[in-house]
Amino acid sequence: MARLTRRDLLATTGAAFAAGSFGIIGRASAAEFTYKFANNLPATHPLNARAQEAAEKVKSGTNGRVEIQIFPNNQLGSDTDMLSQVRSGGVEFFTLSGLILSTLVPAASINGIGFAFPDYDTVWKAMDGDLGNYVRGQIGKAGLVVMDKIWDNGFRQTTSSSKPIVTPDDLKNFKIRVPVSPLWTSMYKAFDSAPTSINFSEVYSALQTKVVDGQENPLAIISTAKLYEVQKFCSLTNHMWDGFHMLANRRAWEKLPEADRAVVAREWNAAAISERADVAKLNAGLKGDLEGKGLAFNQPDPAPFREKLRSAGFYSEWKGKYGDEAWALLEKAVGKLS
Ligand code: X2X
């Protein structure tokens, strides 16, 4: 598969905008079901490029009955707003990190436990297997529908405008932005940092105005959201793997004829698999591109960070919060943590 370049993504996205699938509000549609898919990522992120392809396949696969309009880049509100909207039916589809979803489904943050996953093979075996099935079951109990295949956000790296992060001591009193999630806040408090919960829609301006000194995200987001413009250092901490569940409003989902539901699920899940390959390739190849844009990289040793979390009681605290069943599924996938 040819290396997916930013130009390819822009070309795809540009075509999509031209084709009118990216949230052109008020456009007349012959479809029986016109559903909105909202997300918080830039239109150039692989998630939106693959979602556009899926929307086209859904339209053709349902003979035009189902049209999915894509609203990227927080067009319909922040993650907090959009979670409310997918629950109420204001939007029909929404991709959301399990760590943010954990404000509604506590178990959904378990894949974000610090320094748990060593590599992508371990991630997909867990998230497409028993641990993912457990989390999706908990999401269903909260009244939402969730597709079988989680989309990739990636292994998260730490950026800063003030200094590189080399050892856990560099995180002491570090003013870091974290997404709105109890687990993120808890982990950085265990490092004696000063975490501030901010929705992604506000991150660029918070960094630009120095409300916070740093943030953490995979390279694909640091690139597509242009965070390199307001950060100087990028420490390859790989401190967390994060993904996006494709959520659906239950009433809207059940309104679809069964055959059309099967087409939508098939195309969303196929797009998630393609997006995983795109993101992994991007994240593997972006370091040089970002160095060219001025980011100074370092690669810290993860062992002292994991030890700090252990000695701070982070793992045992979260084992107690998730319960034995969920924690056993996590440790079955990644080995002993607590
Ligand atoms: O908010 C973030 O940092 C992001 C974009 O990675 C998530 O959606 C969790």
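Heads up: numbering here begins at 1 and tracks the sequence. Remember, it's 1-based here, ligands and their atoms both numbered in the order they're listed.
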### Pairs touching residues 270-295 that satisfy ring pair (Phe, Tyr, Trp, His ring centres under 6.0 Å), sequence neighbours left out
none

### Query
Can you name the nearest heavy-atom pair linking Asp192 to Lys308, along with the distance?
OD2-NZ, 3.3 Å

### Greater than 12 external heavy atoms within 6.0 Å of Asp324's CG
no

### Query
Do ligand 1 and Trp184 have nitrogen or oxygen atoms that lie under 3.5 Å from each other?
no

### Query
At what distance is the nearest protein heavy atom to atom 8 (O) of ligand 1, and which residue and atom is it?
Asn40 ND2, 2.9 Å

### Heavy-atom proximity to atom 3 (O) of ligand 1, best of Arg177, His45, Gln215, Glu216
Arg177

### Close side-chain approach of Gln85 to Phe94, heavy-atom, < 4.5 Å
no

### Query
Heavy-atom contacts under 4.0 Å between Asn153 and ligand 1: side chain, backbone, both, or neither?
side chain

## Note on the structure
Nearest non-hydrogen protein atom to atom 9 (C) of ligand 1, with distance, is Asp242 OD2, 3.4 Å

#### Entry: ring pair (Phe, Tyr, Trp, His ring centres under 6.0 Å) partners for Tyr322, two or more places apart
Trp318

### Message
As an exercise, identify every atom of ligand 1 less than 4.0 angstrom from a heavy atom of Ile221.
### Response
5 (C), 6 (O)

### Query
What do you reckon, are the aromatic ring centroids of Tyr35 and Trp253 less than 6.0 Å apart?
no

### Query
Among protein heavy atoms, which lies nearest atom 4 (C) of ligand 1, and at what distance?
Asn217 OD1, 3.7 Å

## Note on the structure
A student checking ligand 1 against Arg156 at a 4.0 Å heavy-atom cut-off should list atoms 2 (C), 3 (O), 6 (O), 9 (C)

